[in-house]
Amino acid sequence: MLRVVGRRLLHAAVLVLAVSAACFVLAELVPGDFLAPARLDPRASAESLEALRARYGLDRPLHQRYLSWLGSVLRGEMGHSLAYGVPVAPLVLGRAGNTLLLSVPATALAWLLALILGAWGARRPGGWGDRLSLGLGATLQAVPELVLALLALLVAARSGIFPLGGMASLSAGELGFWGRLVDVLRHLALPTLVLALALVPVLLRHVRAALSEALEQSFVHAARGHGVGELRLLLTYALPAAAPPLLALFGLSAGTLLSGSLVVEVVMSWPGLGPLLLDAVFARDLHVIVGATLLSGLLLVAGNLLADLLLYAVDPRLRRPGATP
Amino acid sequence: MRLRAVSVLVVLAALAAIVAGRLLRRLPPPPPAATAPAEPPAEALVSPRPPGRPGGQLVVALRAEPRTLNPLTAADNPSQTVIWRLMADLVHVDRRSQLPVPALARRVTTSDDGRRFRLELRRGVRFSDGHPLDAGDVVFSLRAYLDEEIAAPQRDLLIVGGRPPAVRRLDDYTVEVELAAPYAVGERLFDGFAVLPEHRLAAAYAEGRLASAWDLATAPEEVVGLGPFRLVRYLPGQRLELERNPHYWKVDAAGQRLPYLERLIFLFVPSEDAQVLRFQAGESQLIDGLSGANFAALEAGAAARGLRLLDLGPGLSYSFVVFNLNDVDPAALPAVARKQRWFRQLAFRRAVSLAIDRRALAEVVYHGRATPIATHVSPGNKLWHNAALKPPRRSLERARALLAEAGFAAGEDGRLRDAAGEPVAFSILTSAGNRERAQMAAMIQADLAPLGIAVRVVSLEFGTFLERLFDSFDYEAAILALGGGDVDPNSDVAVLSSSGAHHLWHLGQPAPATPWEAEIDRLMSAQMTARDPAVRRELYHRVQELVAENVPMIFLLSPNVLVGAHREVGNFAPAILHHPTLWNADELYRRAPAPAGGR
Amino acid sequence: MSGRRPALAWPVAVLAFLHLIALGADVVAPYDPAEQTRELIWAPPTKLHLVDAAGRWHLRPFVYRWRPADGAPGRYVEDTSRIFPLRLWSGEAGTRRLLGVEPPARLHLLGTDGLGRDQLSRLVHGARTSLFAGLGAALLAVAAGLLLGTLAGYFGGWLDDLLMRGSELAMALPALYLLLAARAFLPLELGPAAAWGLIVVLLGLLGWPPAARLVRGVVLAARRRGYVGAARGFGASHVYLLRRHLLPPALAVGLTQLVLLVPQMILAEVTLSFLGLGVSEPTPSWGSMLVPLTSYPVLAAHGWAFLPALPLVLTVLSYHQLASAGRQRLRRTA
């Protein structure tokens, strides 16, 4: 087990190098640089722009820029944001925390809903519960997440129950711990719901398919013949049998915790990684892009590793000595 | 099994840690209590507006976070919006009258040859930390702005006659600035140059760190200025809070020290729609940069909600279609080079211009809240607009006649062909982020169809768009907008002069490519040194005539400046110059008692 | 619980209907999808009447013209002074349309968009882009995912490591940035066919890693089942094992993923168009018709702007049903 984790850590290091190098090369290929928008500034002359370019080090060759970035990684800075003029690590880490605060509960909620609705549908295929979840899922899939988020804002505006985006009230600083907790939860409610609703259809279909597959297997039929209760049948017989694709899916959804909530964050003014990354891409703020990308890349690796470990944990056969992970 | 339990525990623990960390993190401690404000300076500037009521706060949403608080390097809109609430300049262009008025300099005298300006400072003025202002700060600031290493975007505005001006300190309260050549802009020149605190920044300057000073990680009490407000705290991704500067140098007619507002809060709200909803719900009290559609949506029920929505008429920005007349390499870009045969013909450009229905563009895309324009100078520019030039009205007959004269003819299939028989078709580049211009492009496409011209719309991300426009020249036509700086003709030099950085239709000309471009060059340099405003206006009107006659760009519309405020905001006096609603933040006040802490 | 076979008739009928409409768009659409009626911006759906304003019944359904409401910009009321009967197969020879009304009235059964274009016509024409490109991209992604996922799961070892780390790399790269770079290498203008191919290829390339991960998980587990080991013990070949025991469960997961990807791909096409990589104005697509909904004034004022989402819902439902049937068949063969 430790060997697996150790090897994956090594792979992660390789991934970091590969992704960061790829980002730097891509940055060469993508037209325009950080100073391109300044060209529309009526005040700045071409000479001033050249001077700025030199100051930001944008005129240096690719490999030099990459090496100096690697150096700053070793210093724990992860490079320097051109837009904000500060090291990337604190900038990105702070936002990543906010994103997780939103995406972890949303993903958990989505899985909960998917498991409940999926089990319901798989038990009675073609029943009204199955049809309802299928119809709702299809509708949610046909409405872009952006529209869903805007609808939620509209509901908030009309009802007045929920705040119109943001993470905290202006007065939150003066509240006590519980006051702040309630305040954050109130701000969390709508974005979490929207994000969960956007995630549910995909999870639900896979859960439904895997479970109905498992329920068809002979040992489940045998267990039912032996009088095993429905709930126990689902939890202890069908769910483990349905685990392989679901665990892989779980790994994937854990891996997209940082990158999956971009749209919701932008529309609901959530101070997460999403708006920062989007801004950075359009502003060509390379180090921020690389920093945010690497962070979500590492989470992806971690998610997949977790999925594989869980897969071994669930399926004892895979743990036999000599089994290649 | 054990492993599963462990991993579940790890995930839960991580989650709990994150949540707890978020919640327990307290806001930075409040800054030390404002030092008891001394008497206003003897030479305080008296605001002409009716006295208001002190106290309360205003909340304003920003589309993006400011990137820096350093006036020397700030180039983006949000940064400038914040910075100019913290800083002040020597001479200020009044945003309503568009004329320069005294600010930190109580008087400016210009020498007879127009090269030397003597700036006399107001006495008794203090920075927001209580440190007195003197001529040394002004000299320090101008030196910083002129420093090539720092490369402030405003630097080029001060380079007159090819050389930076000489800045001299005459006494504690007088500074002389000597330009290398006479300059018609006059004292207006000094608008937009913040006076910086030498006592705070001298060390950073000496160490060559001035350009990177005052970023968002700087401690709030370090950011010291002469503006109406000072920094309290910055919460990344959420908001930035300013408080009243107790040392501000303006008073109202009743002798009360400005500003009235206790706090000014900038919320970061990336989506325009979310901004509108928040404004509507009363979570923010001012809004600017509204689209026509959002303006219309807010108008419904505005009175009941206590919103004041104002259409200030055309602003300074102008949208246009530009044809690629650059010198391109026919081997590298054969299609573009071939089509330039059409683009270079005045008749062709005029015909396209005549075929576009500008009124329909304004109605459909901007809900009627945009104004058709004839040249780059919109009617919003009160001082310089040449009202004799009317925007072209759509006339397909005249367009067809022009095309026929130039040898174009519609074929059997209805498609227009040039003399050589090639069907006329070109693409218009738009930048994807701007929904309005994309819509305009789609409408122009439909407008040109009856002439038999096939237009394709190519939408690109902004950076990619600019690269094609400025560097690779791999485009045929493009739709974009410029302008929005100052009203003075000199702010358009970069577009008009044949060697200018924004001479978009034909960049990098070694010498003027056409006689009319040469004439515009001559007129522009003549107006730059003309001391008599009437002569200058005449010269600039002639420039506008030349632009209208030769259609280097097909000018479309100037979007109206649309703003809104809640009724309880007093002294609300929006203007089309930047910043439309906050330019007089020092005079704004809350009519009703503000709810404690806001919503 | 088991044995109930998912109905096949309706999904096949719905999909056939949608595809037929897409192919016959020129005739089915009442108008040219690019035609702009600038007096009718965001006009609501034209109402079909049988009873006129005076209370008289008519055999043939008819419509009234919209005219701008007085004093309420952007709103329309019916002009009841004249009735315009609905006409089938009208127009001149060569440009006949299935449905229409006599000008100056206009038939906008789903209303108009922000440029006064007929939504129904755009929907029908947009089906060409969206139905085919969405399915094409999803197929490409899942096919690649199936192939690579099966290889990784079956052979394991270094091949598994290589492929899965490759999938992580592909997922970790910033897609937006990748697309921007791709755009730089393409010519300024893309023809409709090139744009279509580009959508399929780019979205397919971006969509394979999740499919591969899912398939690999299933194959990895199936490989360890007792009967697979037994079959291998009897000297079964790789091909036999793959086909007989490992491909069916992999295909089942692949089918689910395929159906889930179709709507995602249809909506993702908008992002590509945004970056100049997809279809361009005025060519409609289902995704681009939903874009106006992302602005608050439209969402708040024109509820019927949601109607273009309906065919997408129908498509997704039909594909889901087909996939269920497909999985059941796989189960029986396994």
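FYI, side chains are in, hydrogens and waters are out, and symmetry mates aren't considered; it's all heavy atoms of this structure. The chains referred to below are lettered A, B, ... by the order of the sequence lines, with proteins before strands, and numbering in each begins at 1. Bear in mind that the values here come from a model prediction, so they are computed numbers and not experimental data.
- Annotation for A/V19 and C/A172: closest pair CG2-CB, 3.9 Å, computed over non-hydrogen atoms.
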Point to revise | Test log, rule side chain to side chain contact (heavy atoms under 4.5 Å, CB included), inputs C/L169 and A/L15 | key: CA-CA 7 Å; C/L169 181 65; A/L15 184 89; 4.0 Å; yes

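- With rounding to the nearest 0.5 angstrom, the CG atom of A/L300 is 4.5 Å from the CE atom of C/M171.
- There is no contact between A/S296 and chain C, counting heavy-atom distances below 4.5 Å.
- Atom-to-atom distance recorded for C/Y177:OH and A/L286:CG is 5.0 Å, nearest 0.5 angstrom.
- You'll find the side chain of A/V281 reaches within 4.5 Å of the side chain of C/L180, heavy atoms only.
- One distance of note links OH of C/Y296 with CG of A/L154; it measures 6.5 Å at 0.5 Å rounding.
- Neither the backbone nor the side chain of A/L299 comes within contact range of chain C, judged by heavy atoms closer than 4.5 Å.
- Contact of A/L252 with chain C is made through the side chain alone, with heavy-atom distances under 4.5 Å.
- Proximity to chain C (any heavy atom under 4.5 Å) is shown, for A/E28, by neither the backbone nor the side chain.
- Listed by first and then second residue, the side-chain hydrogen bond (donor to acceptor under 3.5 Å, both in side chains) pairs that reach into residues 251-260 of chain C are A/H206-C/Q257, C/T256-C/R327, sequence neighbours excluded.
- The most heavy-atom pairs under 4.5 Å with chain A, out of C/R183, C/Q264, C/E168, come from C/E168.
- Proximity to chain A (any heavy atom under 4.5 Å) is shown, for C/A300, by both the backbone and the side chain.
- Across every non-hydrogen atom of A/V147 and C/L299, the tightest pair is CG1-CD1, 4.0 Å.
- Neither the backbone nor the side chain of A/S259 comes within contact range of chain C; no heavy atoms are under 4.5 Å apart.
- Most heavy-atom pairs under 4.5 Å with chain A, from the set C/V316, C/L267, C/I266: that is C/L267.
- Distance check, rounded to the nearest 0.5 Å: CG of A/L311 to CZ of C/R216 gives 7.5 Å.
- Heavy-atom distances place both the backbone and the side chain of A/A27 under 4.5 Å from chain C.
- With rounding to the nearest 0.5 Å, the separation of CG in A/L148 from OG1 in C/T294 is 13.0 Å.
- Taking CG from A/L204 and CG from C/L260, the interatomic distance works out to 9.0 Å, rounded to the nearest 0.5 Å.
- Neither the backbone nor the side chain of C/T315 comes within contact range of chain A; no heavy atom of the residue lies under 4.5 Å from a heavy atom of that chain.
- A 4.5 Å side-chain heavy-atom check between C/R213 and A/N304 finds at least one atom pair inside the cut-off.
- Using a 4.5 Å cut-off between heavy atoms, C/F185 touches chain A through its side chain atoms alone.
- Only the side chain of A/L278 comes within contact range of chain C, judged by heavy atoms closer than 4.5 Å.
- Comparing C/V219, C/L261, C/V218 by how many heavy-atom pairs each has under 4.5 Å with chain A, the most go to C/V218.
- Options A/P144, A/G297, A/P31 differ in how many heavy-atom pairs under 4.5 Å they form with chain C, and the most are formed by A/P144.
- With sequence neighbours left out, the side chain to side chain contact (heavy atoms under 4.5 Å, CB included) criterion links C/L251 to C/L146, C/L247, C/L330.
- For C/L178, the parts sitting under 4.5 Å from any heavy atom of chain A are the backbone and the side chain alike.
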